[in-house]
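What follows is one structure encoded as structure tokens, with my remarks underneath.
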Amino acid sequence: MNPIRIVLADDHALVRAGIRTLCESLDGVTVVAEAADGNQVLEMVKAHHPDLVLMDIAMKALNGLEATARMTREFPRVRVIILSMHDAEDFVQQALKAGASGYLLKDSAVPELETAITAVMRGEVFLSPQISRLMVQSYMQHAGAVEGPLGVLTPRQREILQLIAEGHSTKDIGSRLDLSVKTVETHRAQIMERLGIHDLAGLVRFAIRVGLVSSDK
């Protein structure tokens, strides 16, 4: 049987090295590429045609949730397992909505990684036991609850919000996304209106709070 081909996506080199070591200790698994941000992981998937991506959430330029959403549209055959330290319901819901097939906490026991890979490659959805309990409890308590705070923004607006929070100028954002400065300014105004936030510092604090960027970026 052909090995399961994996791409690792995490912006910390030491974390990637640790995950690579774990993956390569598993039978029938090979790591074909690594990526440090969401844009790079899309490039690696296009170049290497993996079966599975192990994806961090908080990465620069394009976070793991947005990268997952793009990947499931452009490369629907590729499975995604989110590897995250975030156990909040919002993150799990966003990951599943983006098309992820699994959500594994970074502090999970090592055998869980193999279980998650096996399950996802069988076409199943895998959630860490802690996450499963969280989702069941949430469903019982808040059936039909509204989307998380990022749900009011479009994918493009979330992408622009992340770049704003990372300190990029309007001109730089326009250049990165192939948009005019005026279009970026319009998106920024719409983001502020939808979130009820009226200054850039507030946007940055919001992006950190919801995990779009981390406070050490």
For the [atom1] atom of [X] and the [atom2] atom of [Y], what is their distance to the nearest 0.5 Å?
X	Y	atom1	atom2	answer
I160	Q162	CD1	CD	11.5 Å
L54	R16	CG	CZ	12.5 Å
K182	T170	NZ	OG1	12.5 Å
R156	L161	CZ	CG	13.5 Å
E34	D10	CD	CG	9.5 Å
H198	L203	NE2	CG	10.0 Å

Checking [X] side chain against [Y] main chain: does a donor-acceptor pair fall under 3.5 Å?
X	Y	answer
R194	L153	no
R5	H48	yes
E193	A189	no

- Query: Side chains of Q157 and R188: donor-acceptor distance under 3.5 Å anywhere?
  - Reply: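 The criterion, which ignores hydrogens and geometry beyond distance, is not satisfied for R188 and Q157.
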
- Query: S180 and T183: side-chain donor and acceptor closer than 3.5 Å?
  - Reply: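 A pair is found: one side chain offers a donor N or O, the other an acceptor, under 3.5 Å apart.
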
I need the minimum non-hydrogen distance between [X] and [Y], along with the two atoms involved.
X	Y	value
A165	V213	CB-CG2, 3.9 Å
N39	A61	ND2-CB, 3.8 Å
A35	M44	CB-CG, 4.2 Å
L8	C23	CD2-SG, 4.3 Å
F91	G211	CZ-CA, 3.5 Å
M59	G38	CE-N, 3.9 Å

Taking the side chain as every heavy atom from C-beta outward, state whether [X] and [Y] have any pair of such atoms under 4.5 Å apart.
X	Y	value
S84	Y103	yes
L104	L127	no
M71	V53	yes
R70	F75	no
L177	L163	yes
I191	R158	no
I57	I82	yes
I6	P50	no

- Task: Go through the steps for V120 and V125 under the test side-chain contact (heavy atoms from CB on, under 4.5 Å), then give the verdict.
- Result: CA-CA 6 Å; V120 165; V125 172; over 6 Å; no

- Message: My understanding is that only residues two or more places apart in sequence, or in another chain, count here; which of them pass side-chain hydrogen bond (donor to acceptor under 3.5 Å, both in side chains) with R79?
- Response: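 Listed in chain order: nothing, the list is empty.
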
- Message: Among residues at least two apart in sequence or on other chains, which ones pass side chain to side chain contact (heavy atoms under 4.5 Å, CB included) with T72?
- Response: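 So T72 forms a side chain to side chain contact (heavy atoms under 4.5 Å, CB included) with T68.
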
- Task: Applying side chain to side chain contact (heavy atoms under 4.5 Å, CB included), name anything that partners L22, two or more places apart in sequence or on another chain.
- Result: V110, L113

Applying a strict under-4.5 Å side-chain criterion to I, L, V, M, F, W and Y, I'd like to know whether [X] and [Y] cluster together.
X	Y	value
L65	V15	no
M55	V92	yes
V181	M192	no
V41	L52	no
I117	V80	no

Qualifying residues under salt bridge (Lys or Arg N to Asp or Glu O under 4.0 Å), relative to [X], sequence neighbours excluded:
X	result
R77	D51
R209	none
E24	R20

- Item | Atom CG of D178 with >12 non-hydrogen neighbours under 6.0 angstrom |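 Result for CG/D178: open.
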
- Item | Exceeds 12 heavy-atom contacts within 6.0 angstrom, atom CG of D27 |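 No.
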
- Message: Among H168, E159, K171, which residue satisfies the side-chain contact (heavy atoms from CB on, under 4.5 Å) criterion with R176?
- Response: H168

- Message: Run I164 and I173 through side-chain contact (heavy atoms from CB on, under 4.5 Å) and show every step you take.
- Response: CA-CA 8 Å; I164 290 172; I173 294 171; 3.7 Å; yes

- Item | salt_bridge(E166, K60) N-O dist < 4.0 Å |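 No, E166 and K60 are not salt-bridged.
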
- Item | NZ/NE/NH1/NH2 to OD/OE distance under 4.0 Å, D56 and K106 |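 Salt bridge flag = yes for K106 with D56.
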
